[in-house]
Amino acid sequence: MRCLMELVKVELSKLIKKRNTKVFLIIYTAIFFGLALVYASAENIFNISIYSGTQFVGASLSTMMTFMLPLLAIYFAGQSQAIDFTRGTMKNMYLLPISRTKIFLSKILAVWVIIGAVLVNQLIFSILISMFVDGFDLTGLGRTIGQYLGAMVVLGLISLIGNFLALLLKNTGLSIIIAYAAYVGLSLVSIYVPMIKSISMTTVITNYHMLFNFSSVNVLLSTVAYYIIVFTVGLLLFEKKEESLCQFD
């Protein structure tokens with residue numbers, strides 16, 4: 001366990017030092033506070049009531065989950081694999097007396113730590129902004145926290161998908177494009193084939209708020225199934241890289 005935690009720290013350090021990581025996080029922060037500014041201005045300057053209680057906390061998450069958070073999850077996942085392959089340091093990691101599973105898992109966990117940190121910060125600042133604008137009204141906060149936990153689980157799944165695509169395609173940018181194209185494609189298929197809608201991955205992703213509110217057993221079970229499948233396939237693909245190391249673009 002200690003060995004795994006040390007590996008996670010190393011992977012975190014690699015990701016955080018990347019210039020693109022800082023750029024993405026700055027853009028994310030700017031968009032979030034832009035939303036908060038619009039909300040505060042509408043309420044305090046134009047006297048337009050948009051949200052009440054903790055509605056802004058959930059609404060800001062919903063807005064970010066439409067594009068920015070999945071984008072961050074896929075990008076970080078791709079970069080966690082690409083860094084070592086690009087630098088040629090993956091060959092050295094394979095020579096360490098550490099199981100391939102631990103190396104793979106450390107990369108996954110490092111991405112989850114960053115995503116978790118982003119969500120926790122957004123939750124805290126959203127609550128503070130909501131309290132500042134509408135006063136101390138925490139109605140529905142428990143349910144909202146459940147939505148954030150659900151978002152964390154779904155983003156973890158998205159990062160696993162991004163990790164798998166990055167290993168398969170050997171290109172982080174292409175992984176992002178393919179992931180979004182597949183998402184749109186699955187959404188269309190779900191419309192025309194209603195039978196698979198309840199277990200479709202698009203349904204799992206869009207209904208993240210149901211996971212910890214236990215509103216849908218199908219969504220919960222589908223999420224667990226997708227985790228097992230994507231993690232297993234990703235690990236098998238990662239282990240094959242020992243035999244044929246590739247260069248990421």
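Hydrogens, waters and symmetry mates are skipped; everything else that's a heavy atom, side chains included, is used. Model, not experiment: these values are computed from the prediction.
Taking the side chain as every heavy atom from C-beta outward, Val230 and Asn163 never approach each other to under 4.5 Å. With contacts defined as side-chain heavy-atom distances shorter than 4.5 Å, the pair Tyr227/Leu160 qualifies. Using a 4.5 Å cut-off on side-chain heavy atoms (C-beta onward), Tyr208 and Val153 make no contact. Contact annotation: the side chain of Val113 never approaches that of Glu11 to less than 4.5 Å [non-hydrogen atoms, C-beta and beyond]. With a 4.5 Å cut-off on side-chain heavy atoms, Ile161 and Ile74 do not count as touching.
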Taking only distance into account, with no hydrogens and no angle test, what donor-acceptor pairs under 3.5 Å do side-chain atoms of residues 20-33 form with protein atoms, sequence neighbours excluded?
| unit_1 | atom_1 | unit_2 | atom_2 | d |
| --- | --- | --- | --- | --- |
| Thr21 | OG1 | Leu15 | O | 2.8 |
| Tyr28 | OH | Gln122 | OE1 | 2.1 |
| Thr29 | OG1 | Leu25 | O | 2.8 |

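The minimum heavy-atom distance between Leu237 and Leu168, with the atom names listed, is CD2-N, 3.6 Å. Residues Ile115 and Leu155 approach most closely at CG2-CD1, 3.7 Å, considering heavy atoms. The shortest heavy-atom contact between Leu211 and Gly150 is CD1-O, 3.6 Å. The two residues Tyr148 and Ser60 come nearest to each other via the heavy atoms OH-OG, 3.6 Å.
Checked by atom type and distance alone, the side chain of Ser175 pairs as donor or acceptor with a backbone atom of Ala166 at under 3.5 Å. No donor-acceptor distance shorter than 3.5 angstrom exists from the side chain of Ser130 to the backbone of Ser126, with no hydrogens or angles considered. For the pair Ser13 (side chain) and Lys9 (backbone), a donor-acceptor distance under 3.5 Å is absent. Using modelled atom types, no side-chain atom of Ser62 and backbone atom of Gly58 make a donor-acceptor pair closer than 3.5 Å.
By the ring-ring contact (aromatic ring centres under 6.0 Å, His included) test, Phe67 is found to be paired with Tyr180, residues two or more places apart in sequence or in another chain being considered. By the side-chain contact (heavy atoms from CB on, under 4.5 Å) test, Ile127 pairs with Val57, Leu123, Met131, Leu138, Leu141, sequence neighbours left out. Every residue two or more places apart in sequence or in another chain was checked for a side chain to side chain donor-acceptor pair (under 3.5 Å) with Thr144, and none qualifies. In this structure Lys102 satisfies the salt bridge (Lys or Arg N to Asp or Glu O under 4.0 Å) test with no other residue, sequence neighbours excluded.
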- Task: Carefully, step by step, assess Leu119 and Leu69 under the rule side-chain contact (heavy atoms from CB on, under 4.5 Å).
- Result: CA-CA 9 Å; Leu119 286 174; Leu69 279 169; 3.8 Å; yes
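Under the ring pair (Phe, Tyr, Trp, His ring centres under 6.0 Å) criterion, the residue pairs touching residues 101-123 are Phe104-Phe231, Phe104-Phe238, with sequence neighbours excluded.
No hydrogens or angles considered: a donor-acceptor pair under 3.5 Å links the side chains of Lys18 and Gln79.
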